Amino acid sequence: MTPLRHDDHLVVVGAGLAGWRFCEVVRQLGFSGEITLIGAEDRPPYDRPPLSKQILAGKWEIAKATLASAERLEKTPVTLRLGSRATALDVEHTRVELDDGTRVAGTHVVIATGSLARSMSFASSGALPTLRTADDAERLNALVDAVEPGATLGIIGGGFLGAEAATSWMARGLHPVVLEAAARPLLGVVGEEASEWLIDLAPDFGVELHTRQTIRDVAAREDGYRIEFEGRDPLEVSLVLAAVGSVLDLEWLSGSGLTLDHGVVVDENLQAATRVAALGDVARFPYRGDERIRVEHWQVAADHAWHLAHHWMGHVVPPAVPYFWSDQYGKKIQMLGHPRPDDQVVRVMGGDGENKWLALYAREGIVTGVLSLSNPRALATSKILLDETTTLDEALRHAPWTA
Ligand code: FAD
């Protein structure tokens, strides 16, 4: 790879975390050429994690989540094209077509278009509110401002987003009810055993959680919604939030010739084609050998941005260990690595009913992940287990979490 030169022009599509962080890091590394940052939203890049936490809890204004503040934009000069959606990519000419019919041609293209909230709609209510963008958070806050104190709010989906929204709405003196389709929340992420260890988080925090829920209909009413289920009485709520996962919009890349397979397929340096890369939620990247994964978490998007900027500036960089956190029900859940839900899991600190614990995941005797509940220090000292291949036996012998 020839390192970037001052006469190169980087066209970054997607003005979210990965796109913006890439611009910042490549400038910090000394890139002095042109950068055009194209974003479909009208706002300058902002951070999403506070949307379901401080912003939904009414503790922060949305402006506080801004990433590309005037000060940071001064240090990271870019041509911002906000409110512009890319509609096509010409890989050979590294050229992007926008929804206003204009084209932006550069020498390199970065695809950092993230993901979208999966929508849920019923004939009798239309599309239910979701939370992905700052506009969504503003709309939800306006709706919440209009309900009575203590009002019941229905949250469909007990995953990260649903749990965080419930926590935030509790903080506002409301009565969130979480409706989860699976036997336990996070089953598909942390697996059978660990999801069992987490099952009391919601009730211990005072949040009503109903699992194994099959929703038949959500009907809009004058003062809210009526949720109808298979096999139980309907629930009347003042507001409903659908927190049922995400989808990708790859339509604009369909004629590009890039390999699209549940994401934009990239190599270990995030290259989708010559001088075209993909980062963050949208990128499907190789992980530990033949496996290809796509991860929708903050740190992975930030690490991708760091990796690509270094790679294009001619530096060799090792891959990062995937990481996520979630603040829910007064606790912090954190995970390092990318275990499969059916990997072996061993709790090495804390036990049932304790507020703080640490667990290791392993597959074929090799450590694949570390999961912690409100134990950030033990998680951090255990990262060493994933920086290099470590057997479960070695991990248990060295017990870095005790350091
Ligand atoms: P995004 O941040 O989604 O940015 C993509 C941008 O591209 C968007 O602004 C979009 O409008 C724009 N775009 C899309 N298509 C086009 C197009 N065709 N043309 C131009 N622009 C386009 N992760 C954690 O690890 N911990 C958390 O606690 C956590 N909390 C979260 C809370 C919420 C409410 C949400 C929504 C996400 C949370 N995440 C969390 C996930 C994390 O925020 C994402 O993984 C991260 O934002 C991904 O960054 P990205 O740049 O890939 O995508």
Side-chain angles (χ1 to χ4, degrees), residues 11-24 36-57 62 65-68 80-89 96-100 104 109-118 129-138 140 157 159-165 167-168 189 241 243 245-254 256 263-264 270 277-285 294-305 308 322-328 331-336:
V11 180
V12 182
V13 185
L17 171 69
W20 169 248
R21 279 299 292 152
F22 169 77
C23 298
E24 282 198 317
T36 304
L37 178 58
I38 299 162
E41 295 178 67
D42 286 326
R43 304 169 192 260
Y46 61 87
D47 224 3
R48 289 177 207 279
L51 299 180
S52 50
K53 305 175 185 69
Q54 296 89 341
I55 291 166
L56 224 52
I62 283 178
T66 304
L67 292 170
L80 267 179
R81 296 210 41 181
L82 299 178
S84 282
R85 180 171 288 279
T87 52
L89 169 66
V96 173
E97 204 167 300
L98 304 183
D99 53 0
D100 64 0
V104 184
V109 173
V110 179
I111 300 164
T113 46
S115 52
L116 303 168
R118 183 184 293 279
T130 52
L131 175 58
R132 175 75 200 177
T133 65
D135 285 355
D136 295 336
E138 262 179 358
L140 280 169
F160 296 119
L161 202 66
E164 293 189 353
T167 307
S168 298
V189 183
L241 169 67
S246 63
V247 290
L248 293 175
D249 176 10
L250 301 175
E251 187 53 38
W252 72 283
L253 294 169
S254 58
S256 67
V264 179
L270 304 157
L279 310 176
D281 284 10
V282 77
R284 188 164 202 87
F285 57 98
R294 199 173 63 74
V295 181
E296 294 185 11
H297 291 302
W298 193 97
Q299 190 62 49
V300 172
D303 287 341
H304 278 177
L308 181 66
Y323 164 79
F324 74 71
W325 84 97
S326 172
D327 296 323
Q328 48 178 276
K331 301 279 190 300
K332 187 177 278 295
I333 298 176
Q334 292 171 289
M335 186 186 261
L336 281 165

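The shown structure was predicted, so the numbers you read here are calculated from the model rather than taken from an experiment. Start at 1 and go down the list; that is how both ligands and their atoms are numbered.
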- request: Identify the protein heavy atom lying closest to atom 42 (C) of ligand 1, giving its residue, its atom name and the separation to 0.1 Å.
  value: W298 N, 3.7 Å

field: Contact atoms of ligand 1, heavy-atom distance to K53 under 4.0 Å
entry: 27 (C), 28 (O), 29 (C), 30 (N)

message: Distance under 4.0 Å to a non-hydrogen atom of L161: what atoms of ligand 1 satisfy this?
response: 33 (C), 34 (C)

message: With rounding to the nearest 0.5 angstrom, report the CG to CG distance, D136 to L51.
response: 8.5 Å

Atoms of ligand 1 close to A112 [distance to a heavy atom under 4.0 angstrom, numbered from 1]: 5 (C), 6 (C), 7 (O)

message: Is there a side-chain contact between E251 and S254 in this structure, where contact means two heavy atoms from C-beta onward sitting under 4.5 Å apart?
response: yes

- prompt: Does R21 come within less than 4.0 Å of ligand 1, judged by its heavy atoms?
  reply: no

- line: In short, A18 meets A305 closest at the heavy-atom pair O-CB, 3.5 Å

message: If we set the cut-off at 4.0 Å for heavy atoms, which region of S84 has an atom near ligand 1: side chain, backbone, both, or neither?
response: backbone

- request: Note the single closest protein heavy atom to atom 10 (C) of ligand 1, along with its residue, its atom name and the distance in Å.
  value: E41 OE2, 3.9 Å

query: Is it the side chain (CB and beyond), the backbone, both or neither of Y323 that lies under 4.0 Å from ligand 1, heavy atoms counted?
result: neither

- request: Please determine if A86 has a nitrogen or oxygen closer than 3.5 Å to a nitrogen or oxygen of ligand 1.
  value: yes

message: Counting C-beta onward and ignoring hydrogens, is there a side-chain heavy-atom pair between H297 and Y323 closer than 4.5 Å?
response: no

- prompt: Which atoms of ligand 1 have any heavy atom of G280 under 4.0 Å away?
  reply: 52 (O)

message: Restricting to non-hydrogen atoms, name the atom on R43 and the atom on I62 that form the minimum distance, rounded to 0.1 Å.
response: NH1-CG2, 3.5 Å

field: Ligand-residue contact atoms, ligand 1 with R132, heavy atoms, under 4.0 Å
entry: 1 (P), 3 (O), 36 (C), 53 (O)

message: Regarding E41 and T133, do their side chains bring together a donor and an acceptor under 3.5 Å, going by distance alone?
response: no

message: At less than 4.0 angstrom from any non-hydrogen atom of E296, what atoms of ligand 1 do you find?
response: 41 (C), 45 (O)

task: Among all protein heavy atoms, pick the one closest to atom 32 (C) of ligand 1 and tell me residue, atom and distance.
output: S52 OG, 3.3 Å

- line: Honestly, for V13 the part within reach of ligand 1 (heavy atoms, under 4.0 Å) is side chain

- request: May I ask you to test the E296-F160 pair for a side-chain heavy-atom distance under 4.5 Å?
  value: no

- line: Minimal heavy-atom distance between L37 and G14, with the atoms involved, is CD1-O, 3.6 Å

task: Just need the protein heavy atom nearest to atom 53 (O) of ligand 1, so name the residue and atom and give the distance.
output: G114 CA, 3.2 Å

statement: atom 31 (C) of ligand 1 has as its nearest protein heavy atom P49 CA, 3.5 Å

message: Within the structure provided, determine whether W20 and Y46 are in side-chain contact (heavy-atom separation under 4.5 Å).
response: no

Contact summary for S52 and S168, nearest pair of heavy atoms: O-OG, 2.7 Å

- request: Taking only Lys NZ, Arg NE, NH1 and NH2, and the carboxylate oxygens of Asp or Glu, determine whether D281 and R48 approach each other closer than 4.0 Å.
  value: no

query: Is the closest N or O pair between A18 and ligand 1 shorter than 3.5 Å?
result: yes

query: Within a strict 4.5 Å, meaning less than it, do heavy atoms of the L67 and L17 side chains meet?
result: yes

- prompt: Looking only at distance, does H297 have an N or O less than 3.5 Å from an N or O of ligand 1?
  reply: yes

- request: Just go through D281, I333, V300 and tell me whose heavy atom is the nearest to atom 48 (C) of ligand 1.
  value: D281

field: Protein heavy-atom partner closest to atom 7 (O) of ligand 1 - residue, atom, separation in Å
entry: G14 CA, 3.2 Å

task: Under 4.0 Å from a heavy atom of F324: give me the atoms of ligand 1 that qualify, with their elements.
output: 25 (O)

Atom 43 (O) of ligand 1: nearest protein contact (heavy atom, Å): R48 CB, 3.5 Å

query: Can an N or O of A40 be found at a distance shorter than 3.5 Å from an N or O of ligand 1?
result: yes

query: Which distance, rounded to the nearest 0.5 Å, do you find between the CG of L131 and the CG of L140?
result: 6.0 Å

- request: Check side-chain contact (heavy atoms from CB on, under 4.5 Å) between L270 and all other residues, then give those that pass, not counting sequence neighbours.
  value: V266, L279, F285, H304, H307, L308

task: Work out whether the distance between some heavy atom of A305 and some atom of ligand 1 is less than 4.0 Å.
output: no

query: Got V264 and T113 here, is their nearest side-chain heavy-atom distance under 4.5 Å?
result: no

query: Considering only heavy atoms from C-beta outward, does the side chain of M335 approach that of S326 to under 4.5 Å?
result: no

message: I need the atoms of ligand 1 closer than 4.0 Å to a non-hydrogen atom of A301, numbered in the order shown.
response: 48 (C), 49 (O)

statement: shortest atom 14 (C) of ligand 1-to-protein heavy-atom contact is with T113 O, 3.2 Å

- request: Please indicate whether any nitrogen or oxygen in S326 is less than 3.5 Å from any nitrogen or oxygen in ligand 1.
  value: no

